[in-house]
Engineer: 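Before I ask anything, here is the structure I am working with.
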Amino acid sequence: MPKLEQVEDILGTLEGFTVKENWDRFFTIRGSDNEFEWYAEWADLRGPLLAHLSKLQSQTQPLQILVPGCGVSNLSDHLYDAGFKAITNIDFSEVAVSDMLQRNACQRPGMKWKVMDMTTMQFEDESFDVVVDKGGLDALIEPAFGLKKGNQYLSEVNRVLKSGGKFVCFTWGFCDVLGLLFSNFRLGWKMGIYAMPLKPNCTKPNDLQTFMVVAEKETPSALHQITSTFKISHGNQTCSLLEALENENRVRKEYCTAGSDMAVLT
């Protein structure tokens, strides 16, 4: 079984995060017993994530949760153990899905696993109450494809999410990703951005600060300012995110002002 340092070296040879064969090779080399998390650990995600999920929890119907691009993350395992049993996981890597089925079939029998491309999901419209993405959107942004795959994916998220449902996206918050989130979830969505705790004395690239973006599906005409609960804490990464957030809120404010002026004129 490869050690964490070896896994990180393997990641550097993927040569494209959107190519299925690359991920199959990575998961095969990595081994089925080697847990690997790119983003913040469950201990840091648990509180803020469960707080949002609990607001949607019904006393009569289980919350239908989709985890796209699940890979071999233990996120779904923890969600299941926290009481959310109706979880559907998808990934286009047969190797990853096979590993996760083997790991969870007996211990977590209620969870579903499907081999599926998250940019072309095979689900009915409005099938899920929550879509939880941990790094999936980030992986779709590549120079070879531009923003095409990211836009396709977020369009699918919109389609399969119920009205009143939430898209929870754990991301490093780079500019291209933020641009996609802001443009796709502008009209008809309520959005907030939250910073996950940063590891002390972080020095490695995979120790970048993780942010949780929550977009709640509302009426198509609604336009809100994006809320946030963090200050500058991690150099250029957070500074860039705050700048993008301020620019987007300025755009939204100007849009609302222009709409009000048009209403007065008519």
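Note that the structure is a prediction, hence the values are computed from the model and not measured. Residue numbers count from 1 along this sequence.
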Engineer: Please name the pair of heavy atoms, one in Leu181 and one in Val213, separated by the smallest distance, quoted to 0.1 Å.
Structural biologist: CD1-CG2, 4.0 Å

Engineer: Okay, side chain of Asp77, backbone of Leu79: is any donor-acceptor separation there less than 3.5 Å?
Structural biologist: no

Engineer: Quick check: does any side chain N or O of Asn249 sit under 3.5 Å from a backbone N or O of Ile226, one acting as donor and the other as acceptor?
Structural biologist: yes

Engineer: Taking C-beta and beyond as the side chain, do Asn247 and Phe182 meet within less than 4.5 Å on heavy atoms?
Structural biologist: no

Engineer: Might you work through the side-chain contact (heavy atoms from CB on, under 4.5 Å) test for Phe211 and Leu241, ending with a clear yes or no?
Structural biologist: CA-CA 10 Å; Phe211 297 92; Leu241 192 150; 3.6 Å; yes

Engineer: Anything under 30° is parallel, anything over 60° is perpendicular, the rest tilted; go ahead and classify His78 against Trp42.
Structural biologist: parallel

Engineer: Can a donor-acceptor pair be found, under 3.5 Å and without considering hydrogens, that links the side chain of Ser54 to the backbone of Ala51?
Structural biologist: yes

Engineer: Counting C-beta onward and ignoring hydrogens, is there a side-chain heavy-atom pair between Leu50 and Phe84 closer than 4.5 Å?
Structural biologist: yes

Engineer: Quick check: does any side chain N or O of Lys217 sit under 3.5 Å from a backbone N or O of Asn158, one acting as donor and the other as acceptor?
Structural biologist: yes

Engineer: Is the backbone of Lys253 close enough, under 3.5 Å, to the side chain of Thr257 for a donor and an acceptor to pair up by distance?
Structural biologist: yes

Engineer: Once rounded to the nearest 0.5 Å, what's the spacing between atom OG1 of Thr171 and atom CE of Met212?
Structural biologist: 12.5 Å

Engineer: Can Leu75 be reached from Leu101 by stepping across I, L, V, M, F, W or Y side chains whose heavy atoms are under 4.5 Å apart?
Structural biologist: yes

Engineer: Do the non-hydrogen side-chain atoms of Arg108 and Asp81 ever get within less than 4.5 Å of each other?
Structural biologist: yes

Engineer: Looking at Phe128 and Ile65, what are the two nearest heavy atoms and their distance?
Structural biologist: CD2-C, 3.8 Å

Engineer: Could you tell me whether Lys162 atom NZ has more than 12 heavy atoms of other residues or ligands within 6.0 Å of it?
Structural biologist: yes

Engineer: Are the side chains of Leu140 and Met118 in contact, using a 4.5 Å heavy-atom criterion?
Structural biologist: yes

Engineer: Grab the two heavy atoms, one from Arg252 and one from Phe185, that are nearest each other, plus how far apart they are.
Structural biologist: NH2-O, 3.2 Å

Engineer: Counting only N and O atoms by type, is there a donor-acceptor contact under 3.5 Å from the side chain of Gln237 to the main-chain atoms of Gln209?
Structural biologist: yes

Engineer: Is the side chain of Asn89 donor-acceptor paired with the backbone N or O of Lys112 at a distance under 3.5 Å, no angle test?
Structural biologist: yes

Engineer: Taking Arg159 for the side chain and Met121 for the main chain, is one N or O donor matched with an acceptor at less than 3.5 Å?
Structural biologist: yes

Engineer: Closest heavy-atom contact between Gln64 and Ser127?
Structural biologist: CB-O, 3.9 Å

Engineer: Step by step, would you call Phe123 with Leu66 a side-chain contact (heavy atoms from CB on, under 4.5 Å)?
Structural biologist: CA-CA 10 Å; Phe123 298 116; Leu66 173 66; 3.9 Å; yes

Engineer: Whether the Asn104 and Tyr80 side chains hold a donor-acceptor pair (N or O, under 3.5 Å, no angle test) is what I'd like checked.
Structural biologist: no

Engineer: Measure the spacing between CH2 of Trp189 and CG of Asn184 and express it to the nearest 0.5 Å.
Structural biologist: 9.0 Å

Engineer: Roughly how far apart are Asp138 CG and Asp133 CG, rounded to 0.5 Å?
Structural biologist: 7.5 Å

Engineer: If I take atom CG from residue Leu180 and atom CG from residue Leu147, how far apart are they, to the nearest 0.5 angstrom?
Structural biologist: 4.5 Å

Engineer: What closest approach, in Å, do Asp91 and Gly69 show between heavy atoms, and which atom pair accounts for it?
Structural biologist: OD2-C, 3.4 Å

Engineer: Compare every heavy atom of Gln57 with every heavy atom of Leu63, then report the nearest pair and how far apart it is.
Structural biologist: CB-OE1, 3.2 Å

Engineer: CD/Glu216 to OG/Ser163 distance, rounded to the nearest 0.5 angstrom?
Structural biologist: 9.0 Å

Engineer: Does Val67 share a hydrophobic cluster with Val115, counting links as ILVMFWY side-chain heavy atoms below 4.5 Å and allowing steps through other members?
Structural biologist: yes

Engineer: Do the rings of Trp172 and Tyr39 sit parallel, tilted or perpendicular, given the 30° and 60° boundaries?
Structural biologist: parallel

Engineer: Quiz question: by atom type and distance under 3.5 Å, do the side chains of Thr119 and Asp117 form a donor-acceptor pair?
Structural biologist: yes

Engineer: Any ion pair linking Glu254 and Arg250 (charged N to carboxylate O, less than 4.0 Å)?
Structural biologist: no

Engineer: Is there a donor-acceptor contact under 3.5 Å from the side chain of Ser98 to the main chain of Glu94?
Structural biologist: no

Engineer: The test is side-chain contact (heavy atoms from CB on, under 4.5 Å); show your working for Leu223 and Arg186 and say whether it passes.
Structural biologist: CA-CA 7 Å; Leu223 183 63; Arg186 187 171 285 150; 3.7 Å; yes

Engineer: Is there a side-chain contact (heavy atoms from CB on, under 4.5 Å) between Leu45 and Met196 once you walk through the steps?
Structural biologist: CA-CA 7 Å; Leu45 305 181; Met196 300 297 98; 3.6 Å; yes

Engineer: Quick check on Lys85: does its NZ atom have over 12 non-hydrogen neighbours (other residues, nucleotides or ligands) under 6.0 Å away?
Structural biologist: yes

Engineer: Rounded to the nearest 0.5 Å, what's the gap from CG on Leu49 to CG on Asp44? Could you check?
Structural biologist: 12.0 Å

